[in-house]
2 protein chains.
Amino acid sequence: MEEKIIPDIIVGRMPIYLRALQRMAEEGRHTTSSQELGERLGISAAQIRKDLSQFGEFGKQGSGYSIQFLAEQISKILKVNRVWDMAVVGAGDIGSAVARYQGFANRGFNVIMIFDNDPEKIGMSVGPFIIQDSATLETAIQQTGIQVAMISVPSSEAQTVADRLVKAGIKAILNYAPISLNVPEGVYVQYIDPVIHLQRMTYYL
Amino acid sequence: MEEKIIPDIIVGRMPIYLRALQRMAEEGRHTTSSQELGERLGISAAQIRKDLSQFGEFGKQGSGYSIQFLAEQISKILKVNRVWDMAVVGAGDIGSAVARYQGFANRGFNVIMIFDNDPEKIGMSVGPFIIQDSATLETAIQQTGIQVAMISVPSSEAQTVADRLVKAGIKAILNYAPISLNVPEGVYVQYIDPVIHLQRMTYYL
DNA sequence: TAGATTGTTAATCGATTAACAATC
DNA sequence: TAGATTGTTAATCGATTAACAATC
């Protein structure tokens with residue numbers, strides 16, 4: 001009944017914490033503190049403790065946090081203690097690179113299909129996948145019941161593709177096209193546009 | 001002498017405004033308002049006016065903003081009314097896709113070289129570039145005097161590459177490796193990690 | 001002119017930090 | 001035990017919004 005609403009800005013930092021913890025685990029470390037984590041990430045120790053306290057009590061006074069335990073807890077919070085299947089729409093350079101990318105598997109995601117509308121590309125393979133005809137996108141997505149998709153088509157087609165994905169039941173879209181998408185309530189969009197990041201830095205040069 | 005410090009969060013929204021304005025220009029539009037821009041971007045009109053007012057007065061009461069004029073002004077503010085040459089380090093799937101990407105040119109950036117340390121790759125071509133030996137990275141970068149680079153090497157090598165880039169004079173790094181980098185004062189880093197964005201959405205699913 | 005929309009001020013809202021009792 | 005570090009409260013800081021005079 002009572003669902004505390006967690007500020008989005010805090011939700012957005014949890015994946016960063018998780019990534020750092022998983023890296024520490026790879027380094028063979030077992031415990032850490034809010035201070036150490038903060039130093040690695042350039043975030044204050046107080047903020048890390050405050051953020052985590054939104055979701056529960058995960059540490060021990062005096063000794064800090066178990067890296068493995070905290071990583072497991074954050075994984076559960078973010079629902080990445082499971083694997084989400086994904087579709088990639090657009091088999092250009094970016095879409096193909098994403099489809100072949102090996103770094104999703106152990107972080108909760110798994111590409112299972114890729115689409116394009118170019119007759120030259122349909123039927124060709126990208127990594128372990130055969131490029132499917134975009135026309136069959138709705139059927140294929142509905143059949144598998146996946147909820148996560150990535151858009152890597154030209155800007156001019158991105159909104160149309162997004163509309164079709166939403167109709168097919170997709171709830172989360174990672175958009176590589178450099179354009180803002182309109183989606184209905186209950187559908188989430190995140191953007192990746194390298195130029196936005198680059199322009200943000202040149203201001204300071 | 002007097003340099004007003006603009007909050008980074010505002011600087012970070014300027015590229016978003018610029019992208020939307022350039023898109024409107026492509027659509028053949030000539031003027032817009034803070035309200036229209038806000039609706040497109042999901043940002044309040046008041047915030048857009050407040051943000052822009054940090055840098056000057058660009059609008060006209062009653063009629064709003066000239067799209068072309070405002071885009072030019074923001075381009076100047078972000079220093080993308082020129083073209084920044086860039087180096088790409090790491091010629092894997094992501095690095096290669098980035099090197100071939102056609103969308104930088106008209107937004108202020110231009111890849112001019114790509115490096116890798118794999119003997120199998122050195123000498124091969126990626127788009128219009130020949131992959132150069134990473135060992136020659138410092139020399140090549142110093143010679144050309146470029147200030148912007150992208151890292152697309154495995155996480156384990158990313159910090160070392162960053163250190164070398166900084167020594168070679170790079171001031172802005174776009175890092176595709178899923179790891180936080182430590183760089184000295186005066187060097188800027190931005191991160192692209194698709195998984196971070198995906199995990200931020202699954203929380204809400 | 002009347003209507004529209006800016007730039008800016010003041011009010012509100014939310015996020016970050018500092019500090020510390022609790023306790024491992 | 002003494003030292004360290006959590007979780008939390010209160011204080012500070014900063015960002016967003018609402019409102020409106022100015023004016024095109």
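Protein chains get the first letters and strands the later ones, always in sequence-line order, with residue 1 at the start of each.
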Trainee: Under a 3.5 Å threshold, yes or no: a donor from one side chain and an acceptor from the other, between B:Tyr204 and A:Asp8?
Mentor: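 Side-chain D/A pair, B:Tyr204 to A:Asp8: present.
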
Trainee: Exactly one of A:Val161, A:Ile131, A:Ile122, A:Thr136 should register a side-chain contact (heavy atoms from CB on, under 4.5 Å) with A:Phe115. Which one does?
Mentor: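 Among A:Val161, A:Ile131, A:Ile122, A:Thr136, the one that satisfies the side-chain contact (heavy atoms from CB on, under 4.5 Å) with A:Phe115 is A:Thr136.
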
Trainee: When the distance from CD1 of B:Ile48 to P of C:dT5 is rounded to whole Å, what number comes out?
Mentor: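 Going from CD1 in B:Ile48 over to P in C:dT5 covers 14 Å.
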
Trainee: Rounded to whole Å, please give me the gap between CD1 in A:Ile9 and C1' in D:dT16.
Mentor: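 The answer, rounded to whole Å, is 12 Å.
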
Trainee: Can you tell me the distance, in whole Å, between the CG atom of A:Asp51 and the C1' atom of C:dG14?
Mentor: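 Whole-Å distance recorded here is 13 Å.
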
Trainee: Could you tell me how far apart A:Gln47 (CD) and C:dA18 (C1') are, to the nearest whole angstrom?
Mentor: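 In whole Å, C:dA18 C1' and A:Gln47 CD are 13 Å from each other.
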
Trainee: Can you check the B:Gln54 CD to D:dT16 C1' distance for me, whole Å?
Mentor: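 Whole-Å distance recorded here is 12 Å.
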
Trainee: Show which side-chain atoms of residues 95-113 of chain B pair as donor or acceptor with protein atoms under 3.5 Å away, not counting sequence neighbours.
Mentor:
unit_1: B:Ser96; atom_1: OG; unit_2: B:Ala91; atom_2: O; d: 3.2
unit_1: B:Ser96; atom_1: OG; unit_2: B:Gly92; atom_2: O; d: 2.7
unit_1: B:Arg100; atom_1: NE; unit_2: A:Asp93; atom_2: OD1; d: 3.1
unit_1: B:Arg100; atom_1: NE; unit_2: A:Asp93; atom_2: OD2; d: 3.3
unit_1: B:Arg100; atom_1: NH2; unit_2: A:Asp93; atom_2: OD1; d: 3.3
unit_1: B:Gln102; atom_1: NE2; unit_2: B:Arg100; atom_2: O; d: 2.9
unit_1: B:Arg107; atom_1: NH1; unit_2: A:Asp193; atom_2: OD1; d: 3.2
unit_1: B:Arg107; atom_1: NH1; unit_2: A:Asp193; atom_2: OD2; d: 3.2
unit_1: B:Arg107; atom_1: NH2; unit_2: A:Asp193; atom_2: OD2; d: 2.8
unit_1: B:Asn110; atom_1: ND2; unit_2: B:Asp85; atom_2: OD1; d: 3.2

Trainee: Closer than 3.5 angstrom, by distance alone: can the side chain of A:Ser155 be matched with the main-chain N or O of A:Ile179 as a donor-acceptor pair?
Mentor: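 No, the answer is negative, given that no donor and acceptor are paired below the 3.5 Å cut-off.
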
Trainee: How many angstroms lie between CD in B:Gln199 and CG in A:Leu18, if you round to the nearest 0.5 Å?
Mentor: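 One finds 5.0 Å between CD of B:Gln199 and CG of A:Leu18.
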
Trainee: Taking A:Thr202 for its side chain and B:Lys79 for its backbone only, find out whether a donor-acceptor pair lies under 3.5 Å.
Mentor: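 Such a contact is absent between A:Thr202 side chain and B:Lys79 backbone.
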
Trainee: Side chain of A:Thr32, backbone of A:Leu21: donor and acceptor closer than 3.5 Å?
Mentor: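 No, the answer is negative, given that no donor and acceptor are paired below the 3.5 Å cut-off.
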
Trainee: Taking only side-chain nitrogens and oxygens of B:Arg13, does any of them come within less than 4.0 Å of OP1 or OP2 of D:dT16?
Mentor: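 Yes, B:Arg13 has a side-chain N/O under 4.0 Å of OP1/OP2 on D:dT16.
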
Trainee: Taking atom C1' of D:dA15 as reference, at what distance in whole Å does atom CD1 of B:Ile43 sit?
Mentor: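 Going from CD1 in B:Ile43 over to C1' in D:dA15 covers 13 Å.
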
Trainee: For B:Thr31, check side chain to side chain contact (heavy atoms under 4.5 Å, CB included) against everything at least two apart and list the hits.
Mentor: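 Not a single residue meets the side chain to side chain contact (heavy atoms under 4.5 Å, CB included) criterion with B:Thr31.
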
Trainee: Quick check on C:dT16: is either OP1 or OP2 less than 4.0 Å from any side-chain nitrogen or oxygen of A:Ser44?
Mentor: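 False: A:Ser44 side-chain N/O out of range (4.0 Å or more) of C:dT16 OP1/OP2.
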
Trainee: Please list, in numerical order, the residues of residues 16-25 of chain B that have a heavy atom closer than 4.0 Å to any atom of DNA chain C.
Mentor: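 Output list: empty, so none.
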
Trainee: Any side-chain to backbone donor/acceptor pair from A:Tyr17 onto A:Ile74? Under 3.5 Å, distance only.
Mentor: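 The answer is no, because no donor-acceptor pair under 3.5 Å joins these two groups.
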
Trainee: Once pairs are restricted to Watson-Crick or G-U wobble with both distances under 3.5 Å, how does DNA chain C read as a dot-bracket string, [ ] for crossings and | for other-strand pairs?
Mentor: ..||||||||||||||||||||||

Trainee: Which atom pairs, donor and acceptor, lie under 3.5 Å between side-chain atoms of residues 58-70 of chain B and protein residues at least two apart or in another chain?
Mentor:
unit_1: B:Ser66; atom_1: OG; unit_2: B:Phe69; atom_2: N; d: 3.1
unit_1: B:Gln68; atom_1: NE2; unit_2: B:Glu72; atom_2: OE2; d: 2.7

Trainee: Give me, pair by pair, the N or O atoms of the protein and of nucleotides 6-9 of chain D that are less than 3.5 Å apart, along with how far apart they are.
Mentor:
unit_1: D:dT6; atom_1: OP1; unit_2: A:Ser34; atom_2: N; d: 2.7
unit_1: D:dT6; atom_1: OP2; unit_2: A:Ser34; atom_2: OG; d: 2.7
unit_1: D:dG7; atom_1: OP1; unit_2: A:Phe58; atom_2: N; d: 2.9
unit_1: D:dG7; atom_1: OP1; unit_2: A:Gly59; atom_2: N; d: 2.8
unit_1: D:dG7; atom_1: OP2; unit_2: A:Tyr65; atom_2: OH; d: 2.7
unit_1: D:dG7; atom_1: O3'; unit_2: A:Glu57; atom_2: OE2; d: 3.3
unit_1: D:dG7; atom_1: N7; unit_2: A:Arg49; atom_2: NE; d: 2.8
unit_1: D:dG7; atom_1: O6; unit_2: A:Arg49; atom_2: NE; d: 3.4
unit_1: D:dG7; atom_1: O6; unit_2: A:Arg49; atom_2: NH2; d: 2.8
unit_1: D:dT8; atom_1: OP1; unit_2: A:Glu57; atom_2: OE2; d: 3.4

Trainee: Does the side chain of B:Asp163 pick up a donor-acceptor pair with the side chain of B:Gln159 at under 3.5 Å?
Mentor: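 There is such a pair between these side chains.
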
